[in-house]
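Each remark here refers to the structure printed beneath this line.
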Amino acid sequence: MIRPPLEVADIVRAQGNRFIESHCRWIHWAHRKVLRAIARCRTAALGGHRDLCPRCGYRAISYNSCRNRHCPKCQCGARDHWIAARQDELLSVAYVHVVFTLPHQLSHLAIQNKQVLYDLLFRASAETLQEVARDPRHLGAEIGFLSLLHTWGQNLLLNPHS
């Protein structure tokens, strides 16, 4: 496999400490742990093993991976395997991803009133999808859909959406 000229780990090793220092007010210990794992991934810091080709006798050292679920290098293979396994489960129909987000002003109410607010979010999103799909100007059909609740955004802040 050909190594790309620049990987995420190269950037983290070069600028990770500076990034952490300049953003120390909001960066969480879990973020630091991930950055450390990515920086050490497949380096001598995690140890390694010797590989030997039984046919030609070629020898190489392979360094151990961090196995962190956020590491793009470690999870690339796992992600590809998971996606390949899901291909057989897909229906041969068009797929559309729609996100309904609870207004930011109501996010903190959701902490105290989860059942009520999340029920309203799911009900409102379901009724909206069905109403728009029934309209002959759009689809003119009854649709099926799947709704999932996400309570946190990519920035790990409260952001309820389905």
Side-chain angles (χ1 to χ4, degrees), residues 4 6-43 45-46 64-162:
L6 190 63
E7 293 182 341
V8 172
D10 298 325
I11 297 167
V12 171
R13 281 191 284 273
Q15 298 296 323
N17 288 335
R18 195 176 83 145
F19 176 80
I20 290 169
E21 289 169 10
S22 62
H23 296 89
C24 63
R25 287 189 315 270
W26 65 266
I27 198 162
H28 193 264
W29 68 267
H31 300 131
R32 293 177 192 185
K33 183 178 176 183
V34 169
L35 291 172
R36 270 195 314 274
I38 291 171
R40 298 175 69 201
C41 188
R42 299 181 194 202
T43 66
L46 295 179
N64 296 332
S65 63
C66 66
R67 299 178 56 105
N68 186 292
R69 70 185 183 110
H70 302 289
C71 177
K73 203 169 198 176
C74 290
Q75 295 310 312
C76 182
R79 180 196 63 223
D80 292 346
H81 178 73
W82 184 87
I83 289 172
R86 302 289 77 75
Q87 292 297 319
D88 294 338
E89 299 170 0
L90 294 176
L91 299 173
S92 59
V93 296
Y95 168 81
V96 177
H97 183 133
V98 180
V99 177
F100 293 89
T101 304
L102 192 66
H104 178 70
Q105 295 83 349
L106 299 178
S107 294
H108 291 288
L109 283 176
I111 293 173
Q112 299 298 321
N113 302 290
K114 291 178 181 71
Q115 180 81 34
V116 173
L117 252 49
Y118 294 154
D119 183 56
L120 286 170
L121 177 62
F122 278 119
R123 197 169 333 135
S125 63
E127 289 173 6
T128 301
L129 289 171
Q130 290 170 337
E131 182 180 328
V132 170
R134 271 191 220 108
D135 189 331
R137 293 175 296 165
H138 297 289
L139 192 57
E142 291 290 325
I143 61 167
F145 55 90
L146 176 68
S147 294
L148 301 171
L149 176 66
H150 297 271
T151 52
W152 303 97
Q154 290 180 340
N155 57 4
L156 299 181
L157 297 175
L158 183 63
N159 180 25
H161 56 285
S162 68

Interatomic spacing from CD1 in Ile27 to CD in Glu21 - rounded to 0.5 Å: 11.0 Å
Side chain proximity check, Cys74 to Cys41, heavy atoms < 4.5 angstrom: yes
Nearest-0.5 Å distance, CG of residue Leu129 to CD1 of residue Ile143: 5.0 Å
More than 12 heavy atoms from other groups under 6.0 Å of CH2 on Trp26: yes
Electrostatic pair Arg86-Glu89, nearest N-O below 4.0 angstrom: yes
Worked verdict on His31 versus Val34 for side-chain contact (heavy atoms from CB on, under 4.5 Å): CA-CA 5 Å; His31 300 131; Val34 169; 5.8 Å; no
Donor-acceptor contact below 3.5 Å, side chain Asn64 vs main chain Leu46: yes
Heavy-atom closest contact (Phe100 atom, Leu121 atom, distance): O-CD1, 4.0 Å
Closest non-hydrogen atom pair, His97 against Val99: NE2-CG2, 3.3 Å
Minimum side-chain heavy-atom gap Leu102-Leu109 below 4.5 Å: no
Lys114 side chain reached by Thr151 side chain, heavy atoms, under 4.5 Å: no
More than 12 heavy atoms from other groups under 6.0 Å of NE2 on His81: no
Lys73 vs Val8, side-chain contact (heavy atoms from CB on, under 4.5 Å): CA-CA, chis, key distance, verdict: CA-CA 8 Å; Lys73 203 169 198 176; Val8 172; over 6 Å; no
Atom of Arg13, atom of Thr43 and distance for their closest heavy-atom approach: NH1-CG2, 3.7 Å
Beyond-backbone contact of Thr128 with Glu131, side-chain heavy atoms, under 4.5 angstrom: no
Point-to-point distance, once rounded to the nearest 0.5 Å, from OG of Ser65 to CD1 of Ile38: 12.5 Å
Gap between atom CD of Gln115 and atom CG of Leu117 - 0.5 Å precision: 11.0 Å
Pairwise side-chain contact, Leu90 with Tyr95, heavy-atom cut-off 4.5 Å (strictly under): no
SG-CZ distance between Cys71 and Arg40, expressed to the nearest 0.5 angstrom: 12.5 Å
Nearest-0.5 Å distance, CD of residue Gln75 to NE2 of residue His70: 9.0 Å
Shortest non-hydrogen separation from Arg18 to Gln15 and the atoms involved: NE-OE1, 3.0 Å
Test log, rule side-chain contact (heavy atoms from CB on, under 4.5 Å), inputs Phe145 and Val98: CA-CA 10 Å; Phe145 55 90; Val98 180; over 6 Å; no
Gln87 atom CD: more than 12 heavy-atom contacts under 6.0 Å: yes
Asp119, CG: over 12 other non-hydrogen atoms inside 6.0 angstrom: yes
Side-chain touch Arg32/Arg36, heavy atoms, less than 4.5 angstrom: yes
